[in-house]
S.K.: 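First, the structure itself, so that you have it in front of you.
Heavy-atom basis, side chains included; hydrogens, waters and symmetry copies ignored. We name chains A, B, ... by the order of the sequence lines, and we start the count at 1 in each one.
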Amino acid sequence: MEDFYPFQDLEKKWQERWGNLFRCDLDGAGEKYYCLMMFPYPSGNLHVGHGRNYIIGDALARIKMMEGYNILAPMGWDSFGLPAENAAIKNNIKPSRWTEDNIRNMKKQFYDWGVLYDWSREIASCQPDYYRWTQWLFLQLYESGLAYQEKASVNWCPSCKTVLANEQVVNGSCERCKNLIESKKLKQWFFRITAYADKLLQDQEKLEKWPERVLVMQSNWIGRSEGIEVTFPLEDGDRNLNCFTTRVDTIFGATFIVIAAEHPLASELIKKGGEEREGTLFIEHVRQIMLQEREKVAFTKEGFFTGCYAINPATKKKIPVFLASYVLMEYGTGVVMGVPAHDQRDFEFVEESPLDIPVIQVIREEGSEAGDLTEAYVGDGIMINSGEFDGLQNREAMEKITDSLKERGLAERVVHYRLKDWLISRQRYWGAPIPMIHCAACGTVPVPEDQLPVLLPEDVDFIPRGDGKSPLAASPGFLNTVCPRCGGKAQRDTDTMDTFVDSSWYFLRYLSPRDTEKAFDRELVNRWLPVDQYIGGIEHAILHLLYSRFIIKFLYDKGLVEFNEPFANLFTQGMITRNGVKMSKSAGNTVNPGGLIEKYGADTVRLYTLFIGPPEKDAEWNDRSVEGAYRFINRVWRLYFRHRDIFSEPPGTDEGKLDPPRMDKAQLNLYRKIQKTIFKVKHDILDGSFHFNTAISALMELTNEIYLFIENNQDFEDRVGTSVELFKYALRNVIILLAPMSPHLCEEIWERMGHAETIFSRRLPEADEEYLEADRYTLVIQVNGKIRSREEIEQDLSDEEIKEIALANERIADFIQGKEIKKVIVVPGRLVNIVAV
RNA sequence: GCGAGAGUGGCGGAAUUGGCAGACGCGCUGGAUUUAGGAUCCAGUGGGGCGACCCGUGGGGGUUCAAGUCCCCCCUCUCGCACCA
């Protein structure tokens with residue numbers, strides 16, 4: 001009584017047999033297809049939300065394999081990082097041990113899901129034979145002047161006890177632990193990603209298949225802005241203030257200057273202006289609120305008059321210089337010209353200020369007069385109150401004013417970016433040591449390449465100290481070394497690298513994972529990269545994806561690779577929610593796949609995950625609906641199992657016997673439905689949108705039709721004639737098209753149908769285009785846009801014939817009686833609309 | 001505030017170029033089979049009305065023979081950016 005697909009045994013069987021299915025021969029036949037999922041952090045357990053990523057990737061790899069591609073689908077572990085360390089501290093075991101245990105567990109989860117990879121290429125970023133090459137990459141950057149050490153104000157997370165890159169700070173908090181970030185002055189290592197700001201921005205145009213929002217986020221982050229630096233001399237002439245502005249056309253309306261309170265010049269100016277005591281208090285006040293409430297400070301516009309004046313180079317007028325909380329030190333020059341009439345922030349500042357600062361309008365909206373402003377006018381218009389530039393269009397004036405200031409040596413065109421250099425040092429244990437040595441005599445010296453890897457010591461107290469130094473500083477065995485240059489006593493750099501360095505190049509390593517001579521094989525990498533399809537979460541829109549693009553561009557410029565973008569196509573799947581919120585351990589709303597697989601089997605879990613909704617969108621998990629997928633799986637199984645007698649012949653005879661012109665109506669209907677389904681499934685998945693959900697629903701429709709077809713078919717019951725052949729053909733196509741989504745079931749039926757080779761060596765069917773459309777269809781007949789009747793008609797009728805049929809329709813007569821027919825619109829294949837009044 | 005996306009039955013979601021709104025699935029209702037079933041199969045299932053019909057895709061206008069789809073205004077939600085000069 002095998003009414004149910006016996007998944008318990010069969011899924012195990014196929015998981016074992018598939019051992020080498022995804023083993024990639026890099027020189028094998030077929031066009032290459034590098035299908036890559038973002039490698040996970042081995043946190044121990046994957047829930048069904050994570051599963052979506054891997055199931056989409058696996059189904060894609062399988063269907064591409066069935067298209068004849070040579071598939072490279074590797075997997076590895078982003079295995080350095082804080083959680084391992086924290087867990088190790090908590091459980092008193094070594095991070096390496098904790099990591100290994102988790103990897104074992106997660107590998108089993110992939111296996112249970114039927115998610116396949118070429119495990120012979122497995123890598124783990126925490127292993128010396130991997131991080132040796134991460135260190136090598138660091139040295140390449142260092143040699144090229146793109147890795148440098150600098151004492152700077154950096155983001156310090158007091159809870160994680162390490163510094164963070166700007167990208168890892170979200171709203172002033174640590175993206176990992178959500179604690180407020182402090183500012184510390186520390187000597188740190190940086191990668192000069194800013195040198196690539198323009199290339200990263202420009203080459204976005206090559207990333208046509210990337211989601212628009214990811215590109216928008218990256219370009220926001222890079223924050224390129226073209227403008228002018230204008231020199232405002234101080235009144236007494238011994239110093240200049242440089243203002244960055246993108247609106248130099250408003251310079252005649254600049255009636256004051258604002259300097260960031262943290263600006264190094266601030267203290268000098270208040271001294272000079274005779275306001276030292278009060279001014280110092282103000283600077284301290286701003287610093288305090290910045291520390292406590294960064295959010296709030298953003299909306300107050302407190303200022304302090306320094307007592308100094310500058311000269312507006314356009315108007316030659318004396319204008320006051322203020323310190324204020326609303327000017328950012330980090331952007332531009334930290335000095336801004338205040339134009340209250342045309343900048344809302346400056347307008348508000350003037351309103352809040354007790355001093356009487358003039359508001360001078362210098363641009364008027366075309367077609368209206370200048371009048372009293374209730375807010376800043378930021379639009380374009382005609383220049384007024386601007387001397388020789390009056391009457392010009394402001395955009396035009398912008399150029400002319402720039403030229404005129406440039407001639408006088410008072411202005412320069414500049415480009416500013418919000419992107420800052422990538423801070424890569426971390427004061428934590430579980431990461432790749434930075435391969436540098438500090439020697440009293442020779443200074444900072446790189447570790448020679450042949451001395452790599454700089455091994456992470458095992459016998460070290462890795463509890464973070466929180467004093468701004470790495471735990472490695474407490475390991476004398478690690479710390480003390482000799483200088484590679486002079487041979488004298490020296491000390492190793494004790495920081496480790498940001499784990500995003502590890503993940504910025506791992507996709508190169510998969511091509512030659514065991515190579516002991518080099519980081520990656522240039523020939524293989526040039527042949528297999530860029531990645532054809534990269535799949536992962538949107539949360540890496542900036543971090544990982546921007547860093548990887550940077551590193552590849554660097555390697556390209558060094559001549560080490562021949563491609564300058566790592567990922568040709570990017571797909572970011574939506575997250576799975578439960579009770580409306582993202583599924584996560586911390587939210588306590590995870591669904592463990594283990595229990596579901598035990599109850600329904602992997603094919604069901606896979607099918608449901610793919611059916612849940614469009615993959616790029618978030619989707620709410622519903623345990624109830626999983627049963628629907630289970631039912632479908634069993635419906636397909638029964639379709640085979642109840643009629644297994646049909647498949648007793650050897651498979652060689654079961655194909656190519658169909659002759660559509662000789663089919664009866666019901667047979668032809670089914671035949672056409674099969675063609676339509678083949679077309680739709682392939683289209684929906686392979687057009688780049690990965691719409692498995694609609695592909696699956698098409699397969700459900702076809703399955704329903706097959707049931708209807710065989711139900712009342714005497715020939716089929718008697719096992720004679722075309723109906724039997726057609727049934728075989730129908731089921732075979734369902735099995736092949738469903739195989740990428742629910743591989744165990746399909747592989748099993750395929751085998752029982754008598755095939756010795758795996759179903760994944762089978763090519764996808766081609767739709768018989770002649771039969772994509774039905775030969776008859778239901779013509780909708782409307783009167784004045786409302787549906788009044790329907791009539792089944794032949795496909796290839798002329799407009800005139802269709803019109804006649806519609807007008808002759810009995811039910812229509814009632815509606816057009818006594819009316820004048822103004823117009824009849826015929827849409828062949830769909831409807832007729834009769835306009836009658 | 002700016003930018004992007006979204007709003008369709010009780011629920012998840014379908015709907016080339018404007019052309020039968022609600023495919024497919026969940027849930028629900030009825031029936032068949034069954035000792036029984038939370039299994040399976042069949043039928044029904046947007047709302048209103050006995051009915052012919054009427055109303056329905058966040059709200060309001062518009063274009064059109066025809067609008068979920070195009071245009072204008074507004075509301076709500078999600079995401080990103082946010083004193084970036």
S.K.: If you check every side-chain atom of A:T694, which of B:rC81, B:rA14, B:rG25 has the closest atom?
M.R.: B:rA14
S.K.: Check if the side chain of A:K822 and the base of B:rC65 share a donor-acceptor pair of N or O atoms closer than 3.5 Å.
M.R.: no
S.K.: At under 4.0 Å, does any side-chain N or O of A:R213 touch on OP1 or OP2 of B:rC81?
M.R.: no
S.K.: Suppose you measure atom P in B:rG5 against the same atom in B:rG51; what distance do you get, rounded to whole Å?
M.R.: 44 Å
S.K.: Base, sugar-phosphate, or nothing for A:L831, non-hydrogen atoms under 4.0 angstrom?
M.R.: base
S.K.: For A:L323, run the side chain to side chain contact (heavy atoms under 4.5 Å, CB included) check against A:L265, A:V286, A:T306 and tell me which one passes.
M.R.: A:T306
S.K.: Once you round it to whole Å, what is the distance between C1' of B:rG10 and CZ of A:R624?
M.R.: 13 Å
S.K.: Mind checking A:R635 for me? I need base, sugar-phosphate or nothing, with any heavy atom below 4.0 Å counting as a touch.
M.R.: sugar-phosphate
S.K.: Please determine if a side-chain N or O atom of A:N622 lies less than 4.0 Å away from the OP1 or OP2 oxygen of B:rG25.
M.R.: no
S.K.: Can you tell me, in whole Å, how much space there is between the C1' of B:rC70 and that of B:rG18?
M.R.: 8 Å
S.K.: Whether A:R638 contacts B:rA39 is assessed here as follows: a side-chain N or O lying under 4.0 Å from the phosphate OP1 or OP2. Is that the case?
M.R.: no
S.K.: Which whole-number value in Å describes the distance from A:M329 CE to B:rA85 P?
M.R.: 16 Å
S.K.: Rounding to a whole Å, what distance do you find between A:W221:CH2 and B:rG80:P?
M.R.: 12 Å
S.K.: Just checking, A:R635 and A:Y707: is the charged tip under 6.0 Å from the six-membered ring centre and within 45° of the axis?
M.R.: yes
S.K.: In whole angstrom, give me the gap between the P atoms of B:rG22 and B:rU76.
M.R.: 31 Å
S.K.: Categorize A:N634 for me: base, sugar-phosphate, or nothing, with a 4.0 angstrom heavy-atom threshold over every strand shown.
M.R.: nothing
S.K.: When all nucleic acid strands are considered with a 4.0 Å heavy-atom cut-off, which category describes A:N833: base, sugar-phosphate, or nothing?
M.R.: base
S.K.: Over all strands shown, is A:K786 touching base, sugar-phosphate only, or nothing at heavy-atom distances under 4.0 angstrom?
M.R.: sugar-phosphate
S.K.: On RNA chain B, nearest-nucleotide positions of A:I696 versus A:Y417: which is more 5'?
M.R.: A:I696
S.K.: Indicate, with a heavy-atom threshold strictly under 4.0 Å, whether A:Q782 touches base, sugar-phosphate, or nothing.
M.R.: base
S.K.: Rounded to whole Å, please give me the gap between CG in A:N693 and C1' in B:rA14.
M.R.: 9 Å
S.K.: Within the 4.0 Å heavy-atom criterion, would you say A:V336 contacts the bases, only the backbone, or no part of the nucleic acid?
M.R.: base
S.K.: Check whether any side-chain nitrogen or oxygen of A:S225 sits under 4.0 Å from OP1 or OP2 of B:rA85, and answer yes or no.
M.R.: yes
S.K.: Would you indicate what A:V339 reaches in the nucleic acid, counting non-hydrogen atoms under 4.0 angstrom: base, sugar-phosphate, or nothing?
M.R.: nothing
S.K.: For B:rU17, does either OP1 or OP2 sit under 4.0 Å from a side-chain N or O belonging to A:R830?
M.R.: no
S.K.: For A:E212 and B:rG5, what is the distance between atoms CD and P respectively, to the nearest whole Å?
M.R.: 8 Å
S.K.: Please give, in whole Å, the distance from B:rU40 P to A:F641 CZ?
M.R.: 16 Å
S.K.: Can you check whether A:R788 has a side-chain N or O nearer than 4.0 Å to OP1 or OP2 of B:rC54?
M.R.: yes
S.K.: Going by the angle between their ring planes, with limits at 30° and 60°, are A:F282 and A:F304 parallel, tilted or perpendicular?
M.R.: parallel
S.K.: Looking for any heavy atom pair under 4.0 Å, which part of the strands does A:I825 touch: base, sugar-phosphate only, or nothing?
M.R.: base
S.K.: With syn defined as a glycosidic torsion within 90 degrees of 0 and anti otherwise, which applies to B:rG38?
M.R.: anti
S.K.: Where do A:V335 and A:N242 come nearest, in terms of heavy atoms and distance?
M.R.: CB-O, 3.3 Å
S.K.: Pick the closest RNA chain B nucleotide for A:V216 and for A:Y331 by heavy atoms, then say which residue is nearer the 5' end.
M.R.: A:V216
S.K.: Considering every strand shown, what is the Watson-Crick or G-U wobble mate of B:rA6 when both distances are under 3.5 Å?
M.R.: B:rU76
S.K.: Classify A:S697 by what it touches in the nucleic acid, base, sugar-phosphate, or nothing, heavy-atom distance under 4.0 Å.
M.R.: base
S.K.: Under 4.0 angstrom, heavy atoms only, what part of the nucleic acid is A:E701 near: base, sugar-phosphate, or nothing?
M.R.: sugar-phosphate
S.K.: Are the ring centres of A:F256 and A:F349 closer than 6.0 Å?
M.R.: yes
S.K.: If you take all heavy atoms of A:F690 and A:P615, which pair is closest and at what distance?
M.R.: O-CG, 2.9 Å
S.K.: Nearest whole Å is fine: how far is B:rG80 C1' from A:H540 NE2?
M.R.: 17 Å
S.K.: Can you check the A:K617 NZ to B:rC77 P distance for me, whole Å?
M.R.: 19 Å
S.K.: Between A:F7 and A:Y5, how do the two ring planes meet: parallel, tilted or perpendicular, split at 30° and 60°?
M.R.: tilted
S.K.: When the P atoms of B:rG56 and B:rG10 are considered, how many whole Å apart are they?
M.R.: 16 Å
